Amino acid sequence: NARPAQSRNRCRQFMRTLVILYLLLSLGACGQQNDSVKTWQSEFREIQFQYTAPWVLLPTLDIKNRTLVGVIDMRDGKSYIIQCFDDLPKEKLSDKEYLKGIKKTMLDPNPKNKLLSEDSVFFHNQVSYRQVFLMYTIKWGLLKQINYLIRNGKDAITLQILYPTTEIDATTQNIPELLTQFDKLVKLNGL
């Protein structure tokens, strides 16, 4: 019975990290902007990207078993967040259970938050599970949040893309160009 408990603990830890991300975005992040091109690279994984203003690097964690990094546009809350961590085998924690946990974490903090859709897509050259949410935040107002989850039973990666929206436009609005251009600079190798 230790394995189900270990799986639940791992899922709870993952969910706590998502809540921290949500809180960071709700409250805003500090940082200075300038026009110089900066590069961020993980010491432990093949993850790297370049960024410049208006992007500001969010508080970052890069340790052996977890990487959490992202950028935010402080003008309106647009953000791109990458998390990579040691995964459990899918036999111990199914994709369905992961997605159920993510959904709970996103919807529970605010009853106004909504799940708009769930599906599988090809993202960063891999099949990924996608969940699209409307998130009501104190600092940024209404944000559309697109979560991608990629798992191989050894490693897992989540990407969160957030940007301002309205309820009317939320189902049809495309990802803003600033975020699609940033995504082209993100290298996620070795997963």
Side-chain angles (χ1 to χ4, degrees), residues 1-26 42 45 47 58 61 65-72 77-137 140 142-163 165 167 170-175 179-180 182-183 186 188-191:
N1 289 344
R3 287 184 184 182
Q6 184 183 32
S7 296
R8 284 191 300 277
N9 287 340
R10 184 83 48 74
C11 191
R12 284 186 195 119
Q13 182 183 22
F14 172 72
M15 296 310 139
R16 277 190 289 259
T17 303
L18 287 177
V19 169
I20 290 168
L21 286 173
Y22 176 75
L23 291 173
L24 281 172
L25 291 173
S26 296
S42 171
R45 289 169 187 79
I47 300 172
L58 286 165
L61 174 70
N65 63 346
R66 182 173 299 266
T67 298
L68 176 60
V69 63
V71 294
I72 188 168
K78 273 191 297 293
S79 57
Y80 189 108
I81 300 165
I82 303 164
Q83 181 178 201
C84 187
F85 50 94
D86 294 341
D87 197 5
L88 290 172
K90 292 186 179 193
E91 301 81 42
K92 292 182 181 178
L93 186 60
S94 69
D95 290 335
K96 183 178 178 180
E97 286 301 311
Y98 251 107
L99 295 170
K100 184 178 172 183
I102 292 170
K103 196 181 327 182
K104 182 174 175 45
T105 302
M106 294 298 111
L107 299 177
D108 283 358
N110 187 335
K112 291 182 180 180
N113 293 348
K114 296 178 190 172
L115 175 68
L116 297 178
S117 65
E118 291 182 277
D119 58 7
S120 294
V121 295
F122 203 65
F123 186 69
H124 277 270
N125 300 316
Q126 300 179 62
V127 174
S128 132
Y129 297 99
R130 176 175 62 182
Q131 294 175 312
V132 181
F133 296 92
L134 279 181
M135 305 298 287
Y136 290 82
T137 68
W140 307 113
L142 185 61
L143 297 176
K144 186 172 183 178
Q145 178 173 318
I146 304 171
N147 291 350
Y148 296 92
L149 170 65
I150 303 166
R151 297 180 66 204
N152 65 14
K154 181 179 178 282
D155 299 303
I157 191 162
T158 62
L159 291 121
Q160 292 180 336
I161 297 172
L162 294 99
Y163 53 93
T165 191
E167 286 204 40
T171 57
T172 58
Q173 182 184 32
N174 292 326
I175 296 173
L179 282 160
T180 58
F182 177 80
D183 182 62
V186 175
L188 303 170
N189 302 318
L191 181 64

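All values reported here derive from a predicted model rather than from experimental measurement.
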Residues that Ser42 engages under side-chain hydrogen bond (donor to acceptor under 3.5 Å, both in side chains), provided they are two or more places apart: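 By the side-chain hydrogen bond (donor to acceptor under 3.5 Å, both in side chains) rule, Ser42 matches Asp62.
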task: Please name all residues satisfying side-chain hydrogen bond (donor to acceptor under 3.5 Å, both in side chains) with Asp183, sequence neighbours left out, ordered by chain then number.
output: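 With sequence neighbours excluded, Asp183 shows a side-chain hydrogen bond (donor to acceptor under 3.5 Å, both in side chains) to Tyr80, His124, given in chain and number order.
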Once you round to the nearest 0.5 Å, how far does [atom1] of [X] lie from [atom2] of [Y]?
| X | Y | atom1 | atom2 | value |
| --- | --- | --- | --- | --- |
| Ile102 | Gln160 | CD1 | CD | 8.0 Å |
| Leu159 | Ser128 | CG | OG | 7.5 Å |
| Ser94 | Leu99 | OG | CG | 8.5 Å |
| Phe85 | Asp155 | CZ | CG | 9.5 Å |
| Ile175 | Ile161 | CD1 | CD1 | 4.5 Å |
| Lys144 | Asn174 | NZ | CG | 7.5 Å |

Suppose we screen for side-chain contact (heavy atoms from CB on, under 4.5 Å). Which residues come up paired with [X], at least two apart in sequence or across chains?
| X | answer |
| --- | --- |
| Lys104 | Asp108 |
| Leu61 | Ile63, Arg66, Leu68 |
| Glu167 | Lys114, Leu134, Tyr136, Leu142 |

message: side-chain contact (heavy atoms from CB on, under 4.5 Å) for Trp140 and Ile72? Distances and angles first, verdict last.
response: CA-CA 12 Å; Trp140 307 113; Ile72 188 168; 4.1 Å; yes
query: Going by the salt bridge (Lys or Arg N to Asp or Glu O under 4.0 Å) test, which pairs reach into residues 121-137, not counting sequence neighbours?
result: Asp119-Arg130
- request: For Leu179 and Leu162, work out which heavy atoms get closest and say how close.
  value: CD1-O, 3.6 Å
Option among Ile150, Asn152, Ile157 that satisfies the side chain to side chain contact (heavy atoms under 4.5 Å, CB included) test with Gln126: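 Exactly one option meets the side chain to side chain contact (heavy atoms under 4.5 Å, CB included) with Gln126, and it is Ile150.
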Does [X] use its side chain to pair, donor to acceptor, with the backbone of [Y] at less than 3.5 Å?
| X | Y | result |
| --- | --- | --- |
| Asn113 | Met106 | yes |
| Arg151 | Leu88 | yes |
| Gln131 | Leu115 | no |

- prompt: Does the side chain of Tyr98 reach to within under 4.5 Å of the side chain of Asp87, using non-hydrogen atoms?
  reply: yes
field: Within-4.5 Å side-chain heavy-atom neighbours: Val127 and Phe122
entry: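 Side-chain contact under 4.5 Å: yes.
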message: Can you tell me if Lys112 has over 12 outside heavy atoms packed within less than 6.0 Å of its NZ?
response: no
More than 12 heavy atoms from other groups under 6.0 Å of CZ on Phe133: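 Above 12, so yes.
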